[in-house]
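Throughout, protein chains are lettered first and strands after them, A, B, ... in sequence-line order, and every chain is numbered starting at 1.
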Number of protein chains: 2
Amino acid sequence: MKDTSNSWTQKINTNGYRLTGARRMVIDIISNSPRALTPAEIFIEARSRGAKLGLVTVYRTLEKLEEMTLVERVHHEDGCHAYIAHVEGHQHLLLCRVCHRVEYFGGDDLVSLAETISRRSGYEVQEHWLQLVGICPDCRALVSKEALP
Amino acid sequence: MKDTSNSWTQKINTNGYRLTGARRMVIDIISNSPRALTPAEIFIEARSRGAKLGLVTVYRTLEKLEEMTLVERVHHEDGCHAYIAHVEGHQHLLLCRVCHRVEYFGGDDLVSLAETISRRSGYEVQEHWLQLVGICPDCRALVSKEALP
DNA sequence: TTACTTGCAAACGTTTTGCACGATT
DNA sequence: AATCGTGCAAAACGTTTGCAAGTAA
């Protein structure tokens with residue numbers, strides 16, 4: 001388990017929620033996954049680990065974790081129902097189109113862009129939301145191998 | 001109706017699809033909406049205009065329009081099932097959080113960012129996808145009025 | 001005329017809800 | 001002990017599919 005897990009348990013307590021087995025399990029699964037997971041995938045993984053939780057609990061847990069900004073949704077081309085662990089200070093995502101791996105990168109570069117757009121449009125720009133989609137190094141290696149004779 | 005509509009009908013013909021009343025209606029509704037619309041909203045608007053189309057047709061029409069890149073999906077915090085007209089050369093969106101109005105802006109500024117991330121991560125970055133969320137001038141005016149005594 | 005398109009009804013998968021039981025604090 | 005959390009079953013919801021009838025080319 002990543003070292004983020006401890007702060008999660010604290011945050012759950014702080015918010016007045018109880019730390020149950022089901023929540024530990026969902027948190028552990030998400031925080032150790034290199035890619036975004038759907039509720040159904042989390043449920044299946046938890047069951048395969050021997051946990052006896054229900055799919056409904058996964059939904060309700062994700063709802064609370066999202067509310068506490070401990071997890072966030074990833075928006076793919078085809079839908080937006082997969083979750084990843086939220087990482088403080090790394091707001092932007094880099095997704096691999098092949099293996100669906102998720103990486104983070106810092107977004108300081110966007111502040112000036114947001115200001116420019118704000119000035120140009122008259123909008124008060126409050127949030128910027130950026131995702132890059134591409135192919136990760138591992139998958140690039142595989143693809144180039146396949147292309148060879 | 002916006003002047004984009006003509007090119008739409010051409011593109012539909014080019015792709016071998018037929019230009020039907022239902023498609024004209026869906027196109028007209030989307031191209032004249034200042035905000036993203038869900039299939040259900042498009043259906044209701046069409047019915048309120050006296051058209052006799054079914055919700056299924058709206059789904060199937062959107063599917064084809066998206067395939068032809070005549071419309072695109074907008075991803076909100078809560079879901080990603082609303083559609084807007086696609087505008088050539090304006091890849092990025094600026095959403096009003098209050099009235100859900102959609103504006104476009106050019107994204108040349110992001111090419112260098114994508115290159116930097118690509119170099120740093122080893123990813124082959126193929127797409128960048130940016131949305132800004134804020135409050136539009138009109139809604140800002142309303143908000144500030146409400147705040148006054 | 002022929003193939004594409006439509007509408008309805010029904011199927012489907014996902015997400016939510018009601019309620020009694022169980023677990024955490 | 002009191003409250004919060006859980007699981008099951010069933011309902012609700014959005015979306016897709018099969019098929020007969022209708023329509024554009």
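- Contacts between residues 36-56 of chain A and DNA chain D, counted as heavy-atom distances below 4.0 Å, involve A/Arg47, A/Lys52, A/Leu53, A/Gly54, A/Val56.
- When atom types are taken as modelled, the side chain of A/Glu124 and the backbone of B/Arg140 share no donor-acceptor pair closer than 3.5 angstrom.
- A distance-only check finds no donor-acceptor pair linking the side chain of A/Ser33 to the backbone of A/Ile29 [under 3.5 Å].
- Heavy-atom contacts of chain A under 4.0 Å fall on DNA chain C between two terminal nucleotides, which in 5' to 3' order are C/dT14 to C/dT25.
- Within the 3.5 Å criterion, the main-chain N or O of A/Thr61 finds no donor-acceptor partner in the side chain of A/Arg23.
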What N/O pairs connect the protein and nucleotides 21-25 of chain D at under 3.5 Å? Give each pair on its own line.
residue, atom, partner, partner atom, Å
D/dA24, N3, B/Arg18, NH1, 3.0
D/dA25, OP1, B/Leu19, N, 3.4

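- One finds the CD1 atom of A/Ile12 at 13.0 Å from the CZ atom of A/Arg18 (value rounded to the nearest 0.5 Å).
- For B/Ser118 (side chain) and B/Glu115 (main-chain N/O), no donor-acceptor pair under 3.5 Å exists by modelled atom type.
- Straight-line distance from the CG atom of A/Leu62 to the C1' atom of D/dT6: 15 Å, rounded to whole Å.
- Of the possible donor and acceptor atoms, none in the side chain of A/Arg47 sits under 3.5 Å from a partner among the backbone N and O of A/Lys52.
- One hydrophobic cluster holds both A/Met25 and A/Ile27 under the rule that ILVMFWY side chains link at heavy-atom gaps under 4.5 Å.
- The residue from B/Trp129, B/Tyr104, B/Phe105 that alone fulfils the ring pair (Phe, Tyr, Trp, His ring centres under 6.0 Å) condition with B/His92 is B/Phe105.
- Using a 4.5 Å heavy-atom threshold, the side chains of A/Arg49 and A/Asp28 count as touching.
- A sub-4.0 Å separation between OP1 or OP2 of D/dG5 and a side-chain N or O of A/Arg60 is absent.
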Go through the steps for A/Arg120 and B/Glu103 under the test salt bridge (Lys or Arg N to Asp or Glu O under 4.0 Å), then give the verdict. CA-CA 12 Å; A/Arg120 237 184 261 164; B/Glu103 312 273 355; over 6 Å; no
